Amino acid sequence: MTNPANASQPVRVRFAPSPTGFLHVGGARTALFNWLYAKKTGGTFILRIEDTDEARSTDASTDQILESMKWLGLDWDEGPFFQSQRWDIYEEHLKKLHEGGWIYPAFETAEELEAMRKAAMDAKENPIYNRAALKLSPEEVQAKIAAGESYVWRFKCPAGKITVPETLMTGGSAGNVVDSEELGDFVVTRATTGGGFGKPLYNLVCAVDDALMGITNVIRGVEHLSNAPRQMLLMQAWGYDVPSFTHLPLIMKNGKKMSKRDGDADKLFPVSVSARRDLGYLPEATVNFIALLGWSMDRENDLLTREDLIANFSLDGLSKANANFDEDKYLYINGWYIRNMPQAEIAERVKPFLEKEGLVAPERGNAWLANIIELERERCKLLSEFPEALRYFFIAPATYEEKGVKKLFEKDGVTELLDRTAAILAETHPFDAEHLEGALRAVAEEKGVGFGKVAQPIRLAVTGRMASPGLFEVLIALGKDECLARIRTAISHIQSSEGVPVA
RNA sequence: GGUCCCAUCGUCUAGCCUGGUCUAGGACGCCGCCCUCUCACGGCGGAAACAGGGGUUCGAAUCCCCUUGGGACUACCA
């Protein structure tokens with residue numbers, strides 16, 4: 001086996017997305033693992049944009065990928081490099097391949113190839129190219145080119161078994177052993193005419209760049225496993241060192257590979273990083289969660305900081321089995337970060353989500369805002385849940401939870417209770433937790449009921465809900481006047497002939 | 001169809017390479033209890049897995065083979 005280039009050199013890894021859509025969580029994990037490996041080893045993380053498919057690549061996509069990487073905190077040391085700006089380099093390499101007799105033109109049309117493939121499959125054979133073009137004499141080739149026939153360049157795979165320096169998907173061997181004849185003479189350029197080379201294709205540009213950029217470890221999704229031997233053959237044809245390869249297991253969703261083709265159709269569970277961000281997932285939670293897809297730090301801990309990840313990441317700790325994208329766990333981890341973030345920090349992050357829903361109260365001030373966010377944070381697992389959770393602090397309830405209305409407002413004596421409580425509240429000075437508790441306990445005692453019997457109707461009257469943070473905190477945040485107004489509104493609803501409006 | 005990869009609780013996984021310490025550990029989810037003005041948070045406890053079959057061995061989740069299951073690739077995309 002070829003000596004991997006990473007024997008003792010400093011680590012150089014890369015993330016090489018194609019800008020044909022957004023960065024999805026699978027790509028993010030690939031980027032993260034590369035980034036982590038670089039950080040852990042003190043190596044270099046390179047970003048390369050694989051935009052050789054001019055028909056499908058867009059600048060908007062590149063922008064979105066870069067933005068998502070930044071949001072995740074995956075900063076790169078070199079790049080971004082764009083393959084579309086490196087045509088000359090690939091042309092040079094094509095020339096070398098040609099001079100070395102490694103490539104040859106093949107004239108079959110796509111339709112012919114498709115028919116051959118189908119025939120091979122029907123005959124239960126491996127559908128690889130039959131090398132018909134290789135049997136053409138130089139004169140025949142010249143004649144076809146002169147006649148303006150379209151052709152592609154194919155790489156002539158040498159016979160024999162080759163061992164790709166793969167670290168993970170080895171099938172129990174020292175590397176990934178493949179019979180190069182089963183690879184087929186793969187295509188390295190797009191179709192062209194007139195004797196030139198045509199635009200280079202993925203396997204070629206990837207091999208050139210990985211070699212030229214001095215990549216020591218190619219870490220990418222397992223869907224590229226079968227490309228590794230081809231890229232290795234190419235690198236060897238040029239006389240370059242071959243990096244070591246680590247092919248990551250797939251991230252599955254609903255039993256199949258999670259792909260950007262799945263899109264963000266599912267509004268609750270989109271696959272793009274940017275849509276997750278808009279839903280209120282945190283970058284630290286996202287990084288933590290995707291790191292756990294195919295890797296684990298130890299047998300105990302799942303809540304990992306970026307520092308934990310860097311300090312403990314290792315290619316040896318990688319799992320080979322495909323990982324299922326567990327939404328529940330993602331949500332749990334996100335909630336954990338929301339709960340454990342510094343107070344000022346969480347307030348800053350929630351603010352834009354509130355503003356987007358028009359929930360602003362400049363007259364209350366920033367301290368008040370931070371306070372109410374603090375009150376609800378343990379009930380929210382996504383930043384986008386805050387607007388609904390905090391709505392009653394900004395707007396008096398127009399409706400009341402139906403279950404609560406039945407259970408609390410339709411009970412005998414509730415108006416008296418509410419009325420009495422309002423009266424006591426009105427006399428409570430100062431309006432703080434200590435005095436509030438004294439006041440409400442006094443009402444409970446006076447009525448001969450448990451404390452909850454007093455607290456619950458008040459909560460429903462003031463928030464419209466059955467559940468909320470501690471009642472005193474809510475009342476204080478709202479202020480005495482607002483509380484009294486809401487209680488009176490509730491009473492009038494209960495007494496009105498139309499009944500209480502329910503949600 | 002061909003080639004290749006993979007296989008521990010429902011899910012993410014530890015353990016597997018270097019067989020015995022595994023009556024298989026943790027986490028999410030689920031259930032129960034506690035805390036409690038509700039919800040949530042938190043605490044405690046519970047149910048829950050080595051895909052099946054053959055070997056090798058004194059001994060296998062760990063090594064080998066087969067079966068089954070899942071997946072990827074099979075483009076003049078990346």
Side-chain angles (χ1 to χ4, degrees), chain A residues 16-20 50-53 55-57 106 108-110 113-114 117-118 120-128 150-154 166 168-172 176-179 182-184 186-192 198-199 201-203 205-206 220-227 247 249-250 252 255-257 289 292-303 316-317 319-333 335-336 339 376-381 389 404 437 440-441 444 450-456 458-460 463 465-472:
Chain A
S18 66
T20 55
E50 307 222 321
D51 55 352
T52 52
D53 187 340
R56 294 200 303 147
S57 300
E108 291 79 7
T109 64
L113 255 14
E114 186 51 44
R117 232 183 328 266
K118 196 175 180 311
M121 277 172 66
D122 289 347
K124 299 183 189 294
E125 279 166 10
N126 187 14
I128 59 171
S150 169
Y151 58 89
V152 296
W153 290 88
R154 284 181 182 272
E166 163 75 27
L168 196 57
M169 300 296 178
T170 59
N176 182 25
V177 183
V178 303
D179 188 337
E182 277 165 1
L183 257 25
F186 56 95
V187 178
V188 294
T189 71
R190 291 192 149 78
T192 190
K199 286 284 172 66
L201 252 12
Y202 168 71
N203 276 123
V205 299
C206 184
R220 75 232 298 192
V222 75
E223 66 270 21
H224 287 292
L225 185 63
S226 59
N227 288 322
H247 287 94
L250 266 12
M252 311 292 283
K256 58 179 173 47
K257 176 186 167 191
F289 173 65
L292 260 15
L293 260 19
W295 179 80
S296 65
M297 186 171 98
D298 55 34
R299 54 192 286 143
E300 306 287 306
N301 304 100
D302 279 350
L303 267 358
D316 300 332
S319 160
K320 300 174 179 209
N322 290 344
N324 211 58
F325 195 85
D326 185 349
E327 296 289 355
D328 280 334
K329 190 151 184 170
Y330 191 4
L331 223 39
Y332 166 79
I333 291 177
W336 187 87
R339 269 177 264 126
E376 281 289 355
R377 83 199 282 194
E378 57 198 28
R379 260 157 298 270
C380 295
K381 290 184 170 176
E437 172 148 25
L440 293 187
R441 292 222 181 260
F451 182 75
K453 288 272 188 281
V454 177
Q456 289 187 40
I458 299 293
R459 167 177 289 114
L460 184 61
T463 69
R465 320 175 175 187
M466 291 287 281
S468 83
L471 222 211
F472 312 138

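Naming convention: chains lettered A, B, ... in sequence-line order (proteins, then strands); numbering from 1 in each chain. Keep in mind the model is a prediction, meaning the values are calculated, not measured.
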I want to check one thing: is the phosphate of [N], taken as OP1 and OP2, less than 4.0 Å away from some side-chain N or O of [X]?
X: A:K257; N: B:C73; result: yes
X: A:R190; N: B:C77; result: yes
X: A:R377; N: B:C39; result: no
X: A:T20; N: B:C77; result: no

Q: Identify, between A:A467 and A:L113, the residue whose nearest nucleotide on RNA chain B lies closer to the 5' end.
A: A:A467
Q | 5' precedence on RNA chain B between A:E223 and A:A16 (nearest-nucleotide basis) | A | A:E223
Q. Residues in ring pair (Phe, Tyr, Trp, His ring centres under 6.0 Å) with A:W295, at least two apart?
A. A:F313
Q: Sequence neighbours left out, what passes ring pair (Phe, Tyr, Trp, His ring centres under 6.0 Å) with A:F325? Give chain and number order.
A: A:F289, A:Y330
How many whole angstroms separate atom [atom1] of [X] from atom [atom2] of [N]?
X: A:E114; N: B:U74; atom1: CD; atom2: C1'; answer: 11 Å
X: A:Q456; N: B:U36; atom1: CD; atom2: P; answer: 15 Å
X: A:F186; N: B:C76; atom1: CZ; atom2: P; answer: 12 Å
X: A:H224; N: B:A72; atom1: NE2; atom2: P; answer: 14 Å
X: A:D53; N: B:A75; atom1: CG; atom2: P; answer: 16 Å

Q: List the protein contact pattern of nucleotides 9-24 of chain B with one symbol per nucleotide (5' to 3'): B for base contact, S for sugar-phosphate-only contact, - for none; contact means a heavy-atom distance under 4.0 Å.
A: --BBSB----------
Q) What string of B, S and - do you get for nucleotides 48-56 of chain B, 5' to 3', if B is base contact, S is sugar-phosphate-only contact and - is no contact with any protein heavy atom under 4.0 Å? A) ---------
Q. Considering residues at least two apart in sequence or located in another chain, which fulfil the side-chain hydrogen bond (donor to acceptor under 3.5 Å, both in side chains) criterion with A:E108?
A. A:Y129
Q.
Applying side-chain hydrogen bond (donor to acceptor under 3.5 Å, both in side chains), can you list everything that pairs with A:T463, at least two apart in sequence or on another chain?
A. none
Under 3.5 Å, which protein N or O atoms sit close to an N or O of nucleotides 1-5 of chain B? Give each pair with its distance.
none

Which nucleotide in the list [options] gets nearest to the side chain of [X]?
X: A:E50; options: B:U38, B:A40, B:A78; value: B:A78
X: A:R379; options: B:A78, B:A27, B:A40; value: B:A40
X: A:E300; options: B:G26, B:C77, B:A72; value: B:G26
X: A:R459; options: B:A78, B:C73, B:C37; value: B:C37

State which residues pass salt bridge (charged side-chain N to carboxylate O under 4.0 Å, His left out) with [X]; sequence neighbours excluded, sorted by chain then number.
X: A:E223; answer: none
X: A:E378; answer: none
X: A:D316; answer: none
X: A:R377; answer: A:E374

Q: Scan A:P17 against the nucleic acid and name what it touches under 4.0 Å (heavy atoms): base, sugar-phosphate only, or nothing.
A: nothing
Q) For A:Y202, which contact category applies under a 4.0 Å heavy-atom criterion: base, sugar-phosphate, or nothing? A) base
Q) Can you pull the salt bridge (Lys or Arg N to Asp or Glu O under 4.0 Å) pairs that have at least one residue in residues 293-303 of chain A, sequence neighbours excluded? A) A:D302-A:K329
Q: Report yes if the side chains of A:I458 and A:L471 come closer than 4.5 Å at any heavy-atom pair, otherwise no.
A: yes
Q. Heavy-atom count around A:K453 NZ within 6.0 Å, excluding the residue itself: above 12?
A. no
Q: Confirm from the modelled atom types if A:R339 and B:C41 form a donor-acceptor pair under 3.5 Å, side chain to base only.
A: no
**Q.** Closest heavy-atom pair and its distance - A:M121, A:P127
**A.** CG-CG, 4.2 Å
Q: Please determine, for B:C4, whether a Watson-Crick or G-U wobble partner exists with both distances under 3.5 Å, and give it or none.
A: B:G71
